[in-house]
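Small disclaimer: the values here were computed from a predicted structure and weren't measured.
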Amino acid sequence: MADKATGCAAELPHYTWEEVQKRSTREERWLVINRKVYDITRFCYKHPGGSRVISHYAGQDATDPFTAFHIDKELVQKHMKCLLIGELAPGEPCMEPSKNAALVEDFRALRSTVEQMGLLKPNKLFFFAVLVHILLIDVLAWLNLYYFGPSLIPFLITALLLGTVQAQAGWLQHDFGHLSVFSKSKWNHLVHKFVIGHLKHHAKPNCFRKDPDINMHPLFFALGKKLSVELGVKKKKYMPYNHQHKYFFLIGPPALIPLYFQWYIFYFAVQRRQWMDLAWMISFYVRFGMTYIPLLGIGGTISIFILVRFLESNWFVWVTQMNHIPMHINYDENKEWMSTQLQATCNVDQSFFNDWFSGHLNFQIEHHLFPTMPRHNYSKVAPLVLSLCKKYGIDYQSKPLFTAFADIVHSLKESGELWLDAYLHK
């Protein structure tokens, strides 16, 4: 008999959590969403968000990340019917027995409250204003050179303005990438390509081998207390980690975008045969050259481009890492959605400057809990999140901007020292 996934009324097979958890290998991958069991073994390679993101939840309950990352759930569920293979047995809990069921249910209630308050609905005027202010700064950068000439001071001012354009465009493309501006995914993706092409998520934050943001461990840095000690015990030394808080200033902020992102985005587009994305990216370089070669010549244009990338890279790395590197880093512990995000992220205190400078990523906790929420609503949901954290004794961290910057260095120094001690004595 055909099962319910094919439209018939036959009862779906029942599975236990033990059976589901065994299916987390390369050969077989299952996950659970709202008590339904799905086989994603082959589908994961076709997943629009990438195979790794969905595979990170193999053998686990993926209800909360599914809810968090998809804005058109009914459409997605229609495509998932062919993946449905069963459901949890009647006696099985809705999530893994190791998770705090009360916390999971309370967070889902909070999610419902957020939806009822309309906090997932974007204010398009806000994002239009963000785009306009980026374009104005871009024009101002050109006018500065046009009127004052290519001498040192105007050159540096234009570089600073263009670095600001790139950073702010980066935050805006991040908004589109998280589907938080338009109600339809296709419009978010379309404008995302324009912004990242012409002006310019990790679902398991700080989980080693599941969060691309910490892939620099262990090749360049020893991150997290437990992972650093593990590295030392295994007598592994790819870099002098006890000095990583010093060389971070050389190979971290200054080099990430100019030396890594610059070539990787092209490699990724060619490898995946994303020719339209490649065309958008090339168009940026063409426009930049046509705009500044008449004012600076080829050598001057190359120089200002390198300087702009240097400024952008510093801005990007300090802002994106201040919320994560000082936090808990370890292997995936498969905790509740809320616990996972809170132990791996922290906030930076709200102010007009901090909001603008970081693209509202100073509200990193709220952003991770509700990744499709428009950033102008983070401050509205923050008190509700804090209240739930207090109820369950979860640490909700918020700190001044420069304290957050300093904590990156302090964290690297501490984990480097832990690695050295383990390397020499354990």
**Q.** 4.5 Å side-chain heavy-atom contact, Cys207 and Tyr331
**A.** no

Q: Could you verify whether a donor N or O on one side chain and an acceptor N or O on the other, from Ser358 and Asn354, lie under 3.5 Å apart?
A: no

Q: Any pair with a residue in residues 109-120 that passes side chain to side chain donor-acceptor pair (under 3.5 Å), sequence neighbours left out, goes on the list, sorted by first then second residue, please.
A: Arg111-Glu115

Q: Indicate, with yes or no, if the rings of His79 and His47 have centres closer together than 6.0 Å.
A: no

Q. Can we call the ring centroids of Phe305 and Tyr285 under 6.0 Å apart?
A. yes

Q) Which atom names give the shortest non-hydrogen contact between Glu336 and Ser339, and what distance separates them? A) OE1-OG, 2.7 Å

Q. Can you find a pair of side-chain heavy atoms, one from Lys399 and one from Asp407, that are under 4.5 Å apart?
A. yes

Q) Would His410 and Glu414 count as a side chain to side chain donor-acceptor pair (under 3.5 Å) if you check the C-alpha gap in whole Å, the side-chain angles of each, and the deciding distance to 0.1 Å? A) CA-CA 6 Å; His410 295 155; Glu414 180 183 19; over 6 Å; no

Q) Is any side-chain heavy atom of Ile54 less than 4.5 Å from a side-chain heavy atom of Leu31? A) yes

Q) Is the His360 to His174 ring centre distance short of 6.0 Å? A) no

Q: Could you check Lys36, Arg35, Lys335, Arg108 and say which one makes a salt bridge (Lys or Arg N to Asp or Glu O under 4.0 Å) with Asp61?
A: Arg108

Q: Answer yes if the ring centres of Phe249 and Trp318 are under 6.0 angstrom apart, and no otherwise.
A: yes

Q. Measuring from Leu295:CG to Tyr146:OH, what's the distance to the nearest 0.5 Å?
A. 8.5 Å

Q) Using the benzene-type ring in the case of Trp, are the ring centres of Trp356 and Trp315 under 6.0 Å apart? A) yes

Q. Should we count NZ of Lys78 as having more than 12 external heavy atoms under 6.0 Å?
A. no

Q: Flag yes if more than 12 heavy atoms outside Lys225 fall under 6.0 Å of its NZ atom; otherwise flag no.
A: no

Q: Only one of Phe69, Phe107, Trp337 passes ring pair (Phe, Tyr, Trp, His ring centres under 6.0 Å) with Phe370; say which it is.
A: Phe107

